[in-house]
Amino acid sequence: MDIKQLTLKETIDCLRNKSISSKELTNSYLESIKTKDPLIQAFVSINEDVIKEAEKADISINEIGNEIWDKKPLLGVPIAVKDNFSVKGMKTTASARVLENYISPYDSTVVKRLKDAGALILGKTNMDAWAHGSSTEYSDFFTTKNPWNIKHLPGGSSGGSAAAVAAGEAVAAIGSETAGSVRQPAAWCGVTGFKPTYGRVSRYGVVAMASSLDSPGPITKTVEDAQILLSIISGKDEHDATTIDESPLSFLKSKPIKGLKLGLPSSYFDNVDKEVSKMVMEGIKILEKMGVRIVDIDLLAPKYSVAVYTILQRSEVSSNLARYDGIRFGEDRSKFGDEAKRRIMLGTYTLSAGYFDQYYQKAQKVRTLIINDFEKTFENIDIILSPTSPTTALELGATEGQFMFGELQDYLVEPSSLAGLPGISVPCGFDEGLPIGMQLIGPVLSEELLASVARGFQEQTDWHKKLSY
Amino acid sequence: MSTSKNLTNQQVEQIAKLANLPLTREEVQNILPELSSTIKSIEILDELDVKGVIPTSHSLKTTNAYRNDEIKPSLTQDEATNNSKEIVNGVFIVPAVLVKN
């Protein structure tokens, strides 16, 4: 048995029936990182204590017996975490020079919930610095490579998390999305990325990018795996006042797929690569065979969302990055990379006296129009379906000289992010050896419905089972 | 600041000052066309009529959230100051803001 081929669900089952130990499991991923990561560069740091922690987990598994799984469903499972999540005693750099030597004195809520469920933190994954980007090329340290073709980008900003799962360097990973940073790298790396409703998962202890949008989410091999992680990390948190007052997702009941109405927005297929469109349409045929009805819909053109997102995100970035003064922690402000400087500058401009109404306020009003547009659309349909990204993974160097690479590349995910909606990207084919992703978007709090459809799709297809290794 | 859409060097320097970003002259030169082109691209919003529309600050329309005012353990002073380069007697050393003549 090759441990690295197991899904998270299968891995947990093997730990439960004791066909593998946590130490064997963890060693197998450390070995994989040792062999592959010099090329892929998915990880920024590795938890040096993880083997000791695995040994401890094995003792609990052997001594306590089966009842331990009710309390600790992830006991002994090593999980990769994006480097903007605080892990007590480990470096949290957000792949930024300013935080190069910063060691977190506390756990983020997501990490605390993973640890409380028995999970081990395997290591921290690379990202665009401060999550500013969609490629990992804006990491202040190095660029992660796409495991399907190392001349191509993994996407981003959670590119390290997506590449780690796709390369078999981690069984599952945590990412975060402001507008596309979970779904787009998942699409480019051929894995599943689930961005929950804004406020479903706590932002406490996550290096802030744009606080009115930031949403942590899992990047996994299957929808089922993403459900397992979301059921652990979701739920109200007293440390984050924007979390929704809902119990953690249980995913206990799957929703019927037959008879659902799926909307295809025509503007989401403009300017999309031919082969990407084709494979998404093939995916739609499979869903039709499962009994869904396809309806053409009109949504506000994504170009307005790109502008709204650019203004709101950069304004919030300039405000959030104002705290880095080099006094209490981190390096001084001269250490910001070019992309962070660009974003801080634009955001400062759009928030400055005389321009606030013209830019920030106006963007907030258009944000209302976008939300209304989705609400009206969801009166008649259940789920929106489109490509996740207009292209497959672009080549290394694609971001050079592009001042708005992330914002322009992610135009298919920005509208739903601005509206706080949940979305999931699942693999639906390949073009020239590179994966293609299809996204399902639902109304707020519709994660269970989205998961049912996406899981149904994975039961009928095997794109998600293809391995790069 | 003027309302001209093509920013001037002076405006960029002023924004950098507001942002507390130490930009070199070269960086100011480089960032100027980048900022100007981004500003042009976001002005596409002028095409939309937003008269009477209420701005959104939170996508889910949540209202204020409160928690119980309970005393709970938090970071120790050591833990909270551990990442600073300059700590004396447990407090942060900051640059002077008042200078004696």
Side-chain angles (χ1 to χ4, degrees), chain A residues 101-103 105-106 197-199 212-213 238 241-245 303-304 306-308 310-311 314 318 322 325-330 332-334 336 338 341-342 344-350 352-355 358-359 361-371 403-404 418-421 444, chain B residues 1-3 7 11-12 14-24 27 30-31 33-35 37-39 41-62 64-68 72 74-76 78-86 92-95:
Chain A
N101 299 308
Y102 171 71
I103 295 170
Y106 68 99
T197 306
Y198 175 79
S212 79
L213 295 154
E238 64 167 17
T242 58
T243 47
I244 306 163
D245 198 5
K303 64 182 179 184
Y304 298 114
V306 175
V308 171
T310 303
I311 296 169
R314 293 188 181 207
S318 81
D325 53 15
I327 293 169
R328 293 155 302 150
F329 57 94
D332 66 63
R333 295 176 75 77
S334 68
F336 280 121
D338 289 344
K341 284 179 181 164
R342 269 197 286 271
I344 293 170
M345 289 290 285
L346 188 92
T348 305
Y349 175 74
T350 51
S352 62
Y355 294 99
Q358 191 183 343
Y359 296 112
Q361 179 95 312
K362 174 123 198 197
Q364 282 189 312
K365 287 182 179 176
V366 180
R367 187 177 189 181
T368 306
L369 296 182
I370 295 165
I371 293 171
F403 316 138
M404 287 175 56
L418 286 167
L421 307 178
V444 288
Chain B
M1 279 185 233
S2 87
T3 52
L7 297 174
Q11 279 179 307
V12 174
Q14 170 65 10
I15 301 168
K17 196 179 154 203
L18 290 173
N20 189 20
L21 268 188
L23 296 188
T24 62
E27 282 178 315
N30 288 339
I31 216 164
E34 298 170 3
L35 273 182
S37 97
T38 309
I39 289 166
S41 76
I42 58 182
E43 278 168 357
I44 189 181
L45 295 186
D46 291 341
E47 292 174 13
L48 297 170
D49 181 11
V50 291
K51 223 169 126 190
V53 177
I54 298 165
T56 294
S57 56
H58 187 302
S59 52
L60 300 185
K61 301 179 182 114
T62 50
N64 213 353
Y66 298 96
R67 65 171 165 77
N68 295 334
K72 285 183 183 171
S74 61
L75 298 181
T76 63
D78 261 358
E79 285 168 331
T81 54
N82 231 345
N83 275 284
S84 180
K85 285 178 193 145
E86 276 196 277
F92 298 109
I93 302 300
V94 301

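Just so it is clear, the model here is predicted, and its values are computed rather than measured. Just so you know, these numbers use all the heavy atoms, side chains as well, and skip hydrogens, waters and symmetry mates. Each chain gets a letter, A, B and so on, in the order the sequences are listed, and its residues count up from 1.
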Checklist entry - Side chain, backbone, both or neither: which part of A/N101 has a heavy atom under 4.5 Å from chain B? => result backbone
Checklist entry - For B/N20, is it the side chain, the backbone, both or neither that has a heavy atom under 4.5 Å from a heavy atom of chain A? => result both
Checklist outcome for this item: Interface check, chain B: of A/R314, A/Q361, A/R328, A/R342, most non-hydrogen pairs under 4.5 Å belong to A/R328
Checklist entry - Would you say B/S59 and A/R367 make side-chain contact, with heavy atoms under 4.5 Å? => result yes
Checklist entry - Between B/I44 and A/K303, which heavy-atom pair has the shortest distance, and what is it? => result CD1-CD, 3.5 Å
Checklist outcome for this item: Under 4.5 Å to a heavy atom of chain A? For B/L60 that would be side chain
Checklist outcome for this item: If you tally heavy-atom pairs under 4.5 Å between each of B/T24, B/N64, B/L35 and chain A, the highest tally belongs to B/L35
Next on the checklist: For B/L45, which atoms come within 4.5 Å of any heavy atom of chain A: side chain, backbone, both, or neither?
Outcome noted: both
Item to check | Side chain A/S212, main chain B/H58, donor-acceptor under 3.5 Å | outcome: no
Next on the checklist: Can you confirm whether B/I42 sits close enough to A/T350 that some side-chain heavy atom of one is under 4.5 Å from a side-chain heavy atom of the other?
Outcome noted: yes
Item to check | Proximal component of A/L346, with respect to chain B [non-hydrogen, under 4.5 Å] | outcome: both
Item to check | Which of B/S84, B/P55, B/S41 touches chain A most, by non-hydrogen pairs under 4.5 Å | outcome: B/P55
Next on the checklist: Looking at every heavy atom in both B/V12 and A/M345, which two are closest together, and how far apart are they?
Outcome noted: O-CE, 3.4 Å
Item to check | chain A contact via B/I93 - side chain, backbone, both or neither, heavy atoms under 4.5 Å | outcome: backbone
Checklist entry - Under 3.5 Å, is there a donor-acceptor pair between the side chain of B/N83 and the main chain of A/I103? => result yes
Item to check | Interface moiety of A/S318 toward chain B, non-hydrogen atoms closer than 4.5 Å | outcome: neither
Checklist entry - Is it true that a side-chain atom of A/T368 and a backbone atom of B/I54 form a donor plus acceptor pair closer than 3.5 Å? => result yes
Item to check | Top contributor to chain A contacts, counting heavy-atom pairs under 4.5 Å, from B/N82, B/T81, B/T76, B/L48 | outcome: B/L48
Checklist entry - A/A322 versus chain B, heavy atoms under 4.5 Å apart: side chain, backbone, both or neither? => result neither
Next on the checklist: Under 4.5 Å from any heavy atom of chain B, what part of A/L213 do you find: side chain, backbone, both or neither?
Outcome noted: neither
Checklist entry - Given that the side chain runs from C-beta out, which part of B/S37 has a heavy atom under 4.5 Å from chain A: side chain, backbone, both or neither? => result side chain
Next on the checklist: To the closest 0.5 Å, what do you measure between OH (A/Y349) and CD1 (B/I39)?
Outcome noted: 4.0 Å
Next on the checklist: For the CD1 atom of B/I31 and the CZ atom of A/F403, what is their distance to the nearest 0.5 Å?
Outcome noted: 10.0 Å
Item to check | Exercise: identify the closest heavy-atom pair between B/A19 and A/I344 | outcome: CB-CG2, 3.7 Å
Checklist entry - Between A/T197 and chain B, which part of the residue has a heavy atom less than 4.5 Å away: side chain, backbone, both or neither? => result side chain
Next on the checklist: At a 4.5 Å cut-off on heavy atoms, which part of B/E86 comes close to chain A: side chain, backbone, both, or neither?
Outcome noted: neither
Checklist entry - Can you check whether A/S352 reaches B/L18 side chain to side chain, under 4.5 Å on heavy atoms? => result yes
Checklist entry - In terms of heavy-atom proximity below 4.5 Å to chain A, should B/K72 be classed as side chain, backbone, both, or neither? => result side chain
Checklist entry - Given that the side chain runs from C-beta out, which part of B/D78 has a heavy atom under 4.5 Å from chain A: side chain, backbone, both or neither? => result neither
Checklist entry - Does one side chain, of A/Y304 or B/E47, offer a donor that lies under 3.5 Å from an acceptor on the other? => result yes
Item to check | Where A/A241 and B/A65 come nearest, the two heavy atoms and their spacing | outcome: O-CB, 3.5 Å
